[in-house]
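Before any comments, here is the structure.
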Amino acid sequence: MQFFLDSAHVEEIKYALDAFQLDGVTTNPRHIQASGKPFLTVIKEIAKLVEGTDKTVSVEVNPHFLTYEEMLPEAEKLAAISPNFVIKLQCIEPAFKTMETLARKGIRVNCTLVFSAMQALQAMRSGAYYVSPFIGWKETNGEEVGGFISDILAIRDNYNFSSQIIVAAVRNARQIVDAAVLGADIVTAGLAVYQDGFQHPYTQDGIHKFCQFWDKTQYE
Ligand code: E4P
């Protein structure tokens, strides 16, 4: 399973690339705004961090763009900035034609804001490179997500669609493990979610205990 960082914080991304073999990055308008930098400036900075690798950076088209005519040129403009960019399009009907056109031109699309298996199915039919079901938002809304993810994976496998499934809006390590058990290709989460998941109180407790034994033992 691949681990993507959901962030536009350049230092965080740099850290995660080095510390735990990060596989890619996803950004969204919230992350870009939180970076405090202009959109084009920050996505170019992130592109530099993965230059020369096959790690992808998902960058989102202006969310005000809701038509094929608006989305297509902007997607092409962003894709031309870096070969690592995958263009995020919101999961609305005009995006399907846009992603089909982009796929024919060799431009990869991440279909974002996916909340139903039907949306995911159509995104896959339209040639989306990534499909991003947002599980955190659904859970907050009281919806179940296990069946949601397994339905999407089953549909993908039934029809041999090439799309990779990014389980997105992940809030804790349990959700990452659940996604891995279901066989999702990728998860994307914030740095704190990964770091919380990498530690366990018993590990800390064990280190403390073993240090005490160690300190009472001669080395040679
Ligand atoms: C994924 O690509 C999205 O950027 C992300 O997971 C959105 O969710 P959040 O901003 O609520 O975490």
Side-chain angles (χ1 to χ4, degrees), residues 1-10 12-13 16-17 22-37 39 42-43 45-47 49-50 55-65 71 74-75 78-79 82 84-92 95 98-99 102 107-117 119-120 123-124 126 128-143 145-146 148-149 152-153 156 163-180 182 184-197:
M1 165 178 267
Q2 295 194 345
F3 282 2
F4 284 9
L5 195 67
D6 205 21
S7 173
H9 190 301
V10 172
E12 259 185 19
I13 297 167
L17 283 165
L22 191 71
D23 299 296
V25 178
T26 51
T27 68
N28 66 29
R30 182 173 71 82
H31 299 318
I32 301 288
Q33 193 269 333
S35 78
K37 298 174 186 171
F39 172 65
V42 71
I43 64 170
E45 285 180 14
I46 298 169
L49 300 178
V50 296
K55 297 176 196 285
T56 63
V57 178
S58 292
V59 296
E60 193 152 343
V61 162
N62 180 339
H64 293 285
F65 291 176
M71 286 186 269
E74 180 66 6
L78 296 176
S82 165
N84 298 86
F85 283 175
V86 175
I87 310 306
K88 263 185 166 182
L89 295 180
Q90 303 170 119
C91 196
I92 52 173
T98 314
M99 59 187 83
L102 291 168
I107 296 174
R108 297 174 293 180
V109 168
N110 177 346
C111 185
T112 191
L113 289 171
V114 170
F115 294 95
S116 77
Q119 288 179 303
M124 292 190 260
S126 305
Y129 185 74
Y130 293 140
V131 175
S132 293
F134 277 34
I135 63 163
W137 294 22
K138 277 176 83 74
E139 285 200 337
T140 301
N141 196 42
E143 297 178 45
V145 296
F148 171 50
I149 299 301
I152 293 172
L153 291 168
R156 194 267 311 271
S163 310
Q164 295 173 64
I165 309 306
I166 305 181
V167 174
V170 165
R171 306 289 183 239
N172 58 59
R174 182 67 241 172
Q175 293 172 329
I176 294 178
V177 171
D178 287 345
L182 291 171
D185 305 287
I186 303 160
V187 283
T188 190
L191 184 60
V193 173
Y194 290 113
Q195 290 185 315
D196 286 349

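Numbers for residues simply follow the sequence, beginning at 1. In what follows, every heavy atom counts, from backbone to side chain, and hydrogens, waters and symmetry copies are set aside. Both ligands and their constituent atoms are indexed starting at 1 by order of listing.
- Tyr130 pairs in a side-chain hydrogen bond (donor to acceptor under 3.5 Å, both in side chains) with only one of the listed residues (Thr56, Thr112, Asn110, Asp185), which is Thr56.
- Checked by atom type, the side-chain pair Gln164/Gln2 shows no donor-acceptor distance below 3.5 Å.
- Phe148 is listed as a side-chain neighbour of Lys138, based on a closest heavy-atom distance under 4.5 Å.
- The backbone N or O of Lys88 sits nowhere less than 3.5 Å from a side-chain atom of Ser58 that would complete a donor-acceptor pair.
- Proximity of Asp6 to Val170: side-chain heavy atoms (C-beta onward) are nowhere separated by under 4.5 Å.
- Ligand 1 is surrounded by Asp6, Thr26, Asn28, Arg30, Lys88, Phe134, Trp137, Ala168, Ala169, Arg171, Thr188, each with at least one heavy atom closer than 4.0 Å.
- Using a 4.5 Å cut-off on side-chain heavy atoms (C-beta onward), Gln90 and Glu60 make contact.
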